[in-house]
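Worth knowing before you read on, the calculation uses all heavy atoms, side chains too, and leaves out hydrogens, waters and symmetry mates. These numbers come from a predicted model, not from an experiment.
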Amino acid sequence: MSILPLAIIAALAMGLRLNQYGLTPDRLWGLVCVIFAVGYGLVYFVAVVRKRQDWAPLIRRGNIRLAFATMAAALLLATPLLGFNAISARDQVARLKSGKVTVDKFDWAALAFDFGEPGRRALAELGRSGNSAIAQRAVEVAKAGGRYDVADLVRTRLNVETLDSKLRVLPVPVALPDGLRSAVSGYEGCGGTTLCVVLYRAGSNEAWVLQRGCFAVPAAAEPSKRDEREAMVVAAGDYIGCSPQRYALADGKWSQPSQMSWKPADAAVEPSRKAALNAGRVEVRTVPRRQLFIGDEPVGDPFE
(Lines give C-alpha, C1' and ligand atoms only; values in the text may rest on other atoms or scores of the structure.)
Protein backbone atom coordinates (compact mmCIF):
# COMPACT_ATOMS: atom_id res chain seq x y z
CA MET A 1 0.00 0.00 0.00
CA SER A 2 2.90 2.36 0.60
CA ILE A 3 4.21 2.08 -3.00
CA LEU A 4 1.51 4.31 -4.52
CA PRO A 5 1.81 7.26 -2.09
CA LEU A 6 5.60 7.27 -2.41
CA ALA A 7 5.37 7.04 -6.21
CA ILE A 8 2.91 9.97 -6.28
CA ILE A 9 5.29 12.05 -4.17
CA ALA A 10 8.11 11.20 -6.60
CA ALA A 11 5.88 12.16 -9.54
CA LEU A 12 5.02 15.52 -7.98
CA ALA A 13 8.70 16.22 -7.25
CA MET A 14 9.64 15.27 -10.81
CA GLY A 15 6.92 17.53 -12.19
CA LEU A 16 8.22 20.49 -10.18
CA ARG A 17 11.77 19.83 -11.36
CA LEU A 18 10.76 19.61 -15.01
CA ASN A 19 8.70 22.79 -14.75
CA GLN A 20 11.60 24.69 -13.17
CA TYR A 21 14.50 23.45 -15.30
CA GLY A 22 13.05 21.68 -18.33
CA LEU A 23 13.91 18.33 -19.86
CA THR A 24 17.28 16.59 -19.87
CA PRO A 25 18.10 12.96 -20.76
CA ASP A 26 18.63 12.09 -17.08
CA ARG A 27 15.32 13.64 -16.07
CA LEU A 28 13.51 11.81 -18.85
CA TRP A 29 14.91 8.51 -17.64
CA GLY A 30 13.81 9.46 -14.15
CA LEU A 31 10.35 10.25 -15.51
CA VAL A 32 10.14 6.78 -17.08
CA CYS A 33 11.02 5.19 -13.74
CA VAL A 34 8.41 7.29 -11.93
CA ILE A 35 5.71 6.30 -14.44
CA PHE A 36 6.36 2.59 -13.86
CA ALA A 37 6.56 3.13 -10.10
CA VAL A 38 3.09 4.71 -10.20
CA GLY A 39 1.87 1.82 -12.37
CA TYR A 40 3.07 -0.80 -9.91
CA GLY A 41 1.65 1.22 -7.02
CA LEU A 42 -1.76 1.32 -8.72
CA VAL A 43 -1.72 -2.45 -9.32
CA TYR A 44 -1.09 -3.20 -5.67
CA PHE A 45 -3.51 -0.56 -4.42
CA VAL A 46 -6.38 -1.71 -6.67
CA ALA A 47 -5.75 -5.37 -5.83
CA VAL A 48 -5.93 -4.75 -2.10
CA VAL A 49 -9.01 -2.48 -2.36
CA ARG A 50 -10.97 -4.85 -4.61
CA LYS A 51 -10.17 -8.12 -2.86
CA ARG A 52 -8.78 -7.78 0.60
CA GLN A 53 -8.63 -11.54 1.21
CA ASP A 54 -7.79 -12.85 -2.26
CA TRP A 55 -5.58 -10.10 -3.68
CA ALA A 56 -2.57 -12.22 -4.76
CA PRO A 57 -4.03 -13.40 -8.14
CA LEU A 58 -4.80 -9.80 -9.14
CA ILE A 59 -1.27 -8.68 -8.27
CA ARG A 60 0.18 -11.62 -10.22
CA ARG A 61 -1.76 -10.70 -13.36
CA GLY A 62 -0.89 -7.04 -12.92
CA ASN A 63 2.83 -7.77 -12.52
CA ILE A 64 2.86 -9.88 -15.70
CA ARG A 65 1.16 -7.13 -17.69
CA LEU A 66 3.51 -4.48 -16.32
CA ALA A 67 6.48 -6.71 -17.13
CA PHE A 68 5.39 -6.87 -20.77
CA ALA A 69 4.83 -3.09 -20.74
CA THR A 70 8.34 -2.59 -19.32
CA MET A 71 9.82 -4.80 -22.06
CA ALA A 72 7.93 -2.89 -24.76
CA ALA A 73 9.02 0.47 -23.35
CA ALA A 74 12.65 -0.69 -23.12
CA LEU A 75 12.53 -1.86 -26.74
CA LEU A 76 11.02 1.45 -27.87
CA LEU A 77 13.54 3.52 -25.93
CA ALA A 78 16.40 1.53 -27.45
CA THR A 79 15.40 2.72 -30.94
CA PRO A 80 15.97 6.19 -32.45
CA LEU A 81 12.20 6.82 -32.42
CA LEU A 82 12.42 8.48 -28.98
CA GLY A 83 15.77 10.21 -28.72
CA PHE A 84 16.03 11.76 -25.28
CA ASN A 85 18.92 13.98 -26.43
CA ALA A 86 16.82 15.47 -29.26
CA ILE A 87 13.74 15.89 -27.04
CA SER A 88 15.79 17.60 -24.34
CA ALA A 89 17.55 19.91 -26.81
CA ARG A 90 14.25 21.05 -28.33
CA ASP A 91 12.72 21.65 -24.92
CA GLN A 92 15.68 23.65 -23.59
CA VAL A 93 15.91 25.77 -26.75
CA ALA A 94 12.17 26.47 -26.58
CA ARG A 95 12.54 27.62 -22.96
CA LEU A 96 15.37 29.95 -23.99
CA LYS A 97 13.53 31.43 -26.98
CA SER A 98 10.32 31.95 -24.99
CA GLY A 99 12.17 33.87 -22.29
CA LYS A 100 11.36 31.33 -19.57
CA VAL A 101 15.09 31.15 -18.91
CA THR A 102 17.52 34.02 -19.52
CA VAL A 103 20.71 33.84 -21.55
CA ASP A 104 22.84 34.04 -18.40
CA LYS A 105 20.87 31.30 -16.58
CA PHE A 106 20.67 28.94 -19.57
CA ASP A 107 22.71 25.73 -19.26
CA TRP A 108 24.95 26.21 -22.29
CA ALA A 109 27.39 23.52 -21.18
CA ALA A 110 24.63 20.88 -21.17
CA LEU A 111 23.47 21.86 -24.66
CA ALA A 112 27.01 21.75 -26.02
CA PHE A 113 28.33 18.63 -24.28
CA ASP A 114 25.50 16.60 -22.69
CA PHE A 115 22.90 16.30 -25.46
CA GLY A 116 25.11 14.75 -28.14
CA GLU A 117 24.71 15.63 -31.81
CA PRO A 118 21.18 17.08 -31.38
CA GLY A 119 22.56 19.50 -28.80
CA ARG A 120 25.38 20.61 -31.09
CA ARG A 121 22.94 21.14 -33.96
CA ALA A 122 20.70 23.20 -31.69
CA LEU A 123 23.72 25.25 -30.58
CA ALA A 124 24.62 25.96 -34.22
CA GLU A 125 21.02 27.02 -34.87
CA LEU A 126 21.09 29.40 -31.91
CA GLY A 127 24.28 30.91 -33.34
CA ARG A 128 22.14 32.13 -36.25
CA SER A 129 19.38 33.47 -33.99
CA GLY A 130 17.93 36.91 -34.59
CA ASN A 131 18.44 37.63 -30.88
CA SER A 132 21.96 39.09 -30.76
CA ALA A 133 22.55 38.11 -27.11
CA ILE A 134 21.61 34.48 -27.77
CA ALA A 135 23.57 34.32 -31.02
CA GLN A 136 26.71 35.83 -29.49
CA ARG A 137 26.68 33.46 -26.51
CA ALA A 138 26.02 30.42 -28.73
CA VAL A 139 28.97 31.28 -30.98
CA GLU A 140 31.25 31.72 -27.95
CA VAL A 141 30.14 28.40 -26.41
CA ALA A 142 30.58 26.59 -29.73
CA LYS A 143 34.27 27.49 -29.63
CA ALA A 144 34.76 26.05 -26.14
CA GLY A 145 36.82 22.89 -25.88
CA GLY A 146 34.95 21.48 -22.87
CA ARG A 147 32.27 22.17 -20.29
CA TYR A 148 34.82 23.73 -17.93
CA ASP A 149 35.74 26.23 -20.64
CA VAL A 150 32.06 27.18 -20.77
CA ALA A 151 32.06 27.71 -17.00
CA ASP A 152 35.13 29.95 -17.34
CA LEU A 153 33.38 31.87 -20.12
CA VAL A 154 30.30 32.48 -17.97
CA ARG A 155 32.43 33.45 -14.97
CA THR A 156 34.51 35.90 -17.02
CA ARG A 157 31.42 37.50 -18.54
CA LEU A 158 29.92 37.95 -15.07
CA ASN A 159 33.17 39.52 -13.85
CA VAL A 160 33.15 41.91 -16.82
CA GLU A 161 29.56 42.95 -16.06
CA THR A 162 30.32 43.59 -12.36
CA LEU A 163 33.77 45.11 -12.92
CA ASP A 164 32.71 48.73 -12.47
CA SER A 165 31.42 48.03 -8.95
CA LYS A 166 34.89 47.09 -7.68
CA LEU A 167 37.22 49.01 -10.00
CA ARG A 168 39.27 52.19 -9.54
CA VAL A 169 41.28 53.57 -12.49
CA LEU A 170 44.41 55.67 -11.82
CA PRO A 171 45.93 58.21 -12.30
CA VAL A 172 42.82 59.67 -14.00
CA PRO A 173 39.46 57.86 -14.14
CA VAL A 174 38.94 56.81 -17.77
CA ALA A 175 36.93 54.11 -19.48
CA LEU A 176 38.89 50.93 -20.14
CA PRO A 177 38.88 49.47 -23.67
CA ASP A 178 36.61 46.44 -24.03
CA GLY A 179 39.55 44.12 -24.63
CA LEU A 180 41.31 45.30 -21.48
CA ARG A 181 38.11 44.98 -19.45
CA SER A 182 37.83 41.34 -20.49
CA ALA A 183 41.51 40.68 -19.80
CA VAL A 184 41.58 42.17 -16.29
CA SER A 185 38.35 40.37 -15.37
CA GLY A 186 40.26 37.09 -15.08
CA TYR A 187 41.22 35.59 -11.73
CA GLU A 188 44.78 36.98 -11.92
CA GLY A 189 43.38 40.50 -12.29
CA CYS A 190 40.13 41.78 -10.80
CA GLY A 191 38.13 38.55 -11.01
CA GLY A 192 39.35 37.02 -7.78
CA THR A 193 39.08 40.00 -5.45
CA THR A 194 36.43 42.32 -4.05
CA LEU A 195 38.24 45.53 -5.08
CA CYS A 196 41.08 46.36 -7.44
CA VAL A 197 42.99 49.29 -8.94
CA VAL A 198 44.01 49.55 -12.61
CA LEU A 199 46.84 51.87 -13.58
CA TYR A 200 46.02 52.94 -17.14
CA ARG A 201 46.16 56.06 -19.32
CA ALA A 202 43.82 56.56 -22.27
CA GLY A 203 45.44 55.28 -25.46
CA SER A 204 48.21 53.41 -23.64
CA ASN A 205 49.25 49.91 -24.74
CA GLU A 206 49.87 48.62 -21.22
CA ALA A 207 48.12 48.54 -17.87
CA TRP A 208 48.82 47.35 -14.33
CA VAL A 209 46.37 45.69 -11.95
CA LEU A 210 46.77 46.02 -8.19
CA GLN A 211 44.64 43.73 -6.08
CA ARG A 212 43.21 44.32 -2.63
CA GLY A 213 46.40 43.50 -0.78
CA CYS A 214 48.04 46.63 -2.25
CA PHE A 215 45.80 49.15 -0.51
CA ALA A 216 43.78 49.76 2.62
CA VAL A 217 40.05 49.24 2.21
CA PRO A 218 37.82 51.92 3.74
CA ALA A 219 35.38 50.50 6.26
CA ALA A 220 32.39 51.65 4.20
CA ALA A 221 33.61 49.64 1.21
CA GLU A 222 34.02 46.42 3.18
CA PRO A 223 31.16 44.05 2.26
CA SER A 224 28.96 43.10 5.20
CA LYS A 225 28.53 39.51 4.01
CA ARG A 226 30.87 37.32 1.98
CA ASP A 227 30.71 33.67 1.15
CA GLU A 228 33.47 31.39 2.37
CA ARG A 229 35.35 31.29 -0.94
CA GLU A 230 35.47 35.08 -1.27
CA ALA A 231 36.62 35.41 2.33
CA MET A 232 39.49 33.01 1.58
CA VAL A 233 40.49 35.05 -1.49
CA VAL A 234 40.47 38.29 0.50
CA ALA A 235 42.47 36.71 3.30
CA ALA A 236 45.01 35.39 0.79
CA GLY A 237 45.30 38.83 -0.82
CA ASP A 238 46.05 40.43 2.53
CA TYR A 239 48.55 37.73 3.46
CA ILE A 240 50.66 37.80 0.32
CA GLY A 241 50.78 41.57 0.11
CA CYS A 242 51.00 43.61 -3.09
CA SER A 243 51.72 41.83 -6.38
CA PRO A 244 50.94 43.98 -9.46
CA GLN A 245 50.01 42.23 -12.70
CA ARG A 246 51.01 43.74 -16.05
CA TYR A 247 48.80 43.63 -19.18
CA ALA A 248 49.99 44.64 -22.64
CA LEU A 249 48.30 45.27 -26.00
CA ALA A 250 49.83 43.25 -28.85
CA ASP A 251 48.31 42.50 -32.26
CA GLY A 252 45.05 44.07 -31.13
CA LYS A 253 44.69 41.79 -28.09
CA TRP A 254 45.23 42.50 -24.38
CA SER A 255 47.06 39.77 -22.47
CA GLN A 256 49.63 39.17 -19.74
CA PRO A 257 53.10 38.83 -21.30
CA SER A 258 54.27 37.01 -18.17
CA GLN A 259 52.97 36.21 -14.71
CA MET A 260 54.36 38.36 -11.89
CA SER A 261 55.60 36.45 -8.88
CA TRP A 262 53.76 36.75 -5.58
CA LYS A 263 55.93 38.17 -2.81
CA PRO A 264 55.04 39.12 0.77
CA ALA A 265 54.92 42.83 1.44
CA ASP A 266 57.56 44.55 3.53
CA ALA A 267 55.78 45.40 6.79
CA ALA A 268 57.96 48.49 7.28
CA VAL A 269 56.90 50.18 4.02
CA GLU A 270 53.40 48.77 3.68
CA PRO A 271 51.52 51.59 5.48
CA SER A 272 53.19 54.37 3.44
CA ARG A 273 52.71 52.43 0.21
CA LYS A 274 49.02 51.94 0.86
CA ALA A 275 48.58 55.59 1.77
CA ALA A 276 50.28 56.67 -1.48
CA LEU A 277 48.08 54.32 -3.51
CA ASN A 278 44.91 55.57 -1.86
CA ALA A 279 46.00 59.12 -2.70
CA GLY A 280 46.45 58.12 -6.35
CA ARG A 281 50.23 58.63 -6.40
CA VAL A 282 51.10 55.74 -8.73
CA GLU A 283 53.40 55.78 -11.78
CA VAL A 284 55.62 53.52 -13.88
CA ARG A 285 59.30 54.50 -13.88
CA THR A 286 62.27 53.28 -15.90
CA VAL A 287 65.07 52.48 -13.44
CA PRO A 288 68.61 51.04 -13.85
CA ARG A 289 69.38 47.80 -12.07
CA ARG A 290 72.23 45.43 -11.28
CA GLN A 291 71.66 41.72 -11.87
CA LEU A 292 73.69 38.57 -12.44
CA PHE A 293 73.96 37.38 -16.08
CA ILE A 294 75.23 34.08 -17.44
CA GLY A 295 76.06 34.80 -21.05
CA ASP A 296 73.30 37.20 -22.07
CA GLU A 297 70.61 35.73 -19.84
CA PRO A 298 69.67 37.28 -16.45
CA VAL A 299 69.70 34.94 -13.47
CA GLY A 300 67.73 35.55 -10.28
CA ASP A 301 66.27 38.83 -9.07
CA PRO A 302 67.98 42.23 -9.29
CA PHE A 303 70.13 42.84 -6.21
CA GLU A 304 70.51 46.64 -6.46
field: Step-by-step side-chain contact (heavy atoms from CB on, under 4.5 Å) determination, Cys196 to Leu167
entry: CA-CA 5 Å; Cys196 70; Leu167 179 67; 3.8 Å; yes

task: Evaluate the side-chain contact (heavy atoms from CB on, under 4.5 Å) criterion for residues Trp254 and Val184: first the C-alpha distance (whole Å), next the side-chain angles of each, then the deciding distance (0.1 Å), finally the verdict.
output: CA-CA 9 Å; Trp254 286 92; Val184 302; over 6 Å; no

task: Under the side-chain contact (heavy atoms from CB on, under 4.5 Å) rule, what do Leu28 and Val32 come out as? Steps first, then yes or no, please.
output: CA-CA 6 Å; Leu28 286 172; Val32 171; 5.8 Å; no

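Using a distance-only test at 3.5 Å, with no hydrogens or angles considered, a donor-acceptor pair links the side chain of Arg27 to the main chain of Gly22. No donor-acceptor pair closer than 3.5 Å links the side chain of Ser182 to the backbone N or O of Gly179. Distance alone, capped at 3.5 Å, places no donor-acceptor pair between the Asp91 side chain and the Ser88 backbone.
A distance of 12.5 Å separates CD in Glu140 from CG in Asp149, rounded to the nearest 0.5 Å. The NZ atom of Lys97 sits 8.0 Å away from the CD1 atom of Ile134 when rounded to the nearest 0.5 Å. In this structure, CD in Glu283 is found 9.0 Å from CG in Leu199, a value given to the nearest 0.5 Å. Gln245 CD to Gln256 CD: the interatomic distance, rounded to the nearest 0.5 Å, is 5.5 Å. Expressed to the nearest 0.5 Å, how far CG of Asp107 lies from CZ of Arg95 amounts to 10.5 Å.
Contact detail for Ile3 and Gly41: the closest heavy-atom pair is CG2-CA, 3.6 Å. The two residues Ser129 and Ala135 come nearest to each other via the heavy atoms O-CB, 3.6 Å. Nearest heavy-atom pair across Ala133 and Val103 is O-CG1, 4.1 Å. Between Ile59 and Ala47, the closest heavy-atom pair is CG1-CB, 3.5 Å. The two residues Ala109 and Val150 make their nearest non-hydrogen contact at N-CG1, 3.9 Å.
The same ILVMFWY cluster, assembled from side-chain heavy atoms under 4.5 Å apart, contains both Val197 and Trp208. When hydrophobic clusters are built by joining Ile, Leu, Val, Met, Phe, Trp and Tyr residues whose side-chain heavy atoms come closer than 4.5 Å, directly or via intermediates, Leu82 is grouped together with Leu18. Placement of Tyr40 and Ile64 in two distinct hydrophobic clusters is found when ILVMFWY residues are connected by side-chain heavy-atom separations under 4.5 Å, directly or transitively. Under a hydrophobic clustering in which Ile, Leu, Val, Met, Phe, Trp and Tyr are joined whenever their side-chain heavy atoms come within less than 4.5 Å, directly or via other members, Val48 and Val46 fall into different clusters. Under the 4.5 Å side-chain heavy-atom criterion for ILVMFWY residues, no single connected hydrophobic cluster contains both Ile9 and Val34.
For the pair Arg201 and Pro171, the minimum side-chain heavy-atom distance is below 4.5 Å. Side-chain contact between Phe84 and Leu77: present, with at least one pair of heavy atoms (C-beta onward) separated by less than 4.5 Å. Looking at heavy atoms from C-beta onward, Asn63 lies in side-chain contact with Tyr44 at the 4.5 angstrom threshold. The closest side-chain heavy-atom distance from Leu16 to Leu12 is not below 4.5 Å. Looking at heavy atoms from C-beta onward, Leu96 lies in side-chain contact with Trp108 at the 4.5 angstrom threshold. Between Leu126 and Val93, the closest side-chain pair of non-hydrogen atoms falls below 4.5 Å. You'll find the side chain of Asp164 reaches within 4.5 Å of the side chain of Arg181, heavy atoms only. For the pair Gln92/Thr24, a side-chain contact is recorded, criterion being any heavy-atom separation below 4.5 Å from C-beta on.
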Which donor-acceptor pairs under 3.5 Å do the side chains of residues 111-123 make with protein atoms, sequence neighbours left out?
residue, atom, partner, partner atom, Å
Asp114, OD1, Arg147, NH1, 2.9
Asp114, OD2, Arg147, NH1, 3.2
Glu117, OE1, Arg120, NE, 3.3
Glu117, OE1, Arg120, NH2, 3.3

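Atom CZ of Phe36 sits in a crowded spot, with more than 12 heavy atoms from other residues, nucleotides or ligands closer than 6.0 Å.
Put simply, the residue from Asn205, Val198, Leu180 that forms a side-chain contact (heavy atoms from CB on, under 4.5 Å) with Tyr247 is Leu180.
Ser98 pairs by the side-chain contact (heavy atoms from CB on, under 4.5 Å) definition with Lys100, not counting sequence neighbours.
Salt-bridge check for Asp104 with Arg137: passed, with a basic side-chain N closer than 4.0 Å to an acidic carboxylate O.
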